[in-house]
Amino acid sequence: MVAAEDPNIRYAVPKEGSSRFRDTCAIPKNAPHKELAHAFLNFILEPQNDARNHNYISCPTANTAAMEYLNDLLRSLISEFSPELEKKVEYIHDLGEATRLWDNIWTEVKIQ
């Protein structure tokens, strides 16, 4: 959103790399209205609807069919995500019992 207001601000990944994320929609196993949930997911994944949503939240989409409907800023961000950049980002995985250790280390870093 800030980049849309100021063209001097751009998305950047540090040379050391960064984490990446993926939003996920899921239908709980015991959902009372599964058919309605499927209809909603189908609706929001329609290319124009998906692009409208991502243009609004200012976040790129992985839905290739929606690309042509994205605003110029988001299309340029997606085009900048090169194979070299792809190698520098990774998903954060569940660390299981080590999570508490990482939380403690991160807390120590933040208070320094």
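FYI, the numbering just counts along the sequence from 1.
Salt-bridge formation is not detected for the pair D103/R100: no Lys NZ or Arg NE/NH1/NH2 atom is positioned less than 4.0 Å from an Asp or Glu carboxylate oxygen.
Counting only residues at least two apart or on different chains, no side chain to side chain donor-acceptor pair (under 3.5 Å) pair has a member in residues 38-47.
The side chain to side chain donor-acceptor pair (under 3.5 Å) search around E84 returns S82, not counting sequence neighbours. Residues passing the side chain to side chain donor-acceptor pair (under 3.5 Å) test with N8 are D6, sequence neighbours excluded.
Residue S76 comes nearest to L73 through the heavy atom pair OG-O, 2.7 Å, listed as atom of the first residue, atom of the second, then distance. In plain terms, the two heavy atoms of A26 and P28 that are nearest each other are O-CD, 3.6 Å. Shortest non-hydrogen contact noted between I44 and C25 is CD1-SG, 4.1 Å. Across all non-hydrogen atoms, the minimal contact from N49 to F43 is ND2-O, 2.9 Å. Among all heavy-atom pairs drawn from A65 and P47, the shortest one is O-CB, 3.2 Å. Residues Y69 and R75 share a closest heavy-atom pair of C-NH1, 4.4 Å.
Put simply, the side chain of K34 gets close to the backbone of K29: a donor and an acceptor are under 3.5 Å apart.
By the 4.5 Å heavy-atom criterion applied to side chains, E86 and R20 are counted as neighbours.
For the atom pair E68 CD and Q48 CD, the distance stands at 7.5 Å (nearest 0.5 Å).
Residues L45 and L74 are members of separate hydrophobic clusters, defined by side-chain heavy-atom contacts under 4.5 angstrom among Ile, Leu, Val, Met, Phe, Trp and Tyr. Transitive grouping of hydrophobic side chains (ILVMFWY, heavy atoms separated by less than 4.5 Å) keeps I57 and I9 in distinct clusters.
More than 12 heavy atoms of other shown residues, nucleotides or ligands fall within 6.0 angstrom of atom CD in Q112. Atom OH of Y56 is surrounded by 12 or fewer heavy atoms from other residues, nucleotides or ligands within 6.0 Å.
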Worksheet item: Can L41 and I27 be said to form a side chain to side chain contact (heavy atoms under 4.5 Å, CB included), step by step?
Response: CA-CA 9 Å; L41 291 178; I27 301 170; 3.7 Å; yes
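In this structure, a donor-acceptor pair under 3.5 Å is absent between the side chains of R52 and N55.
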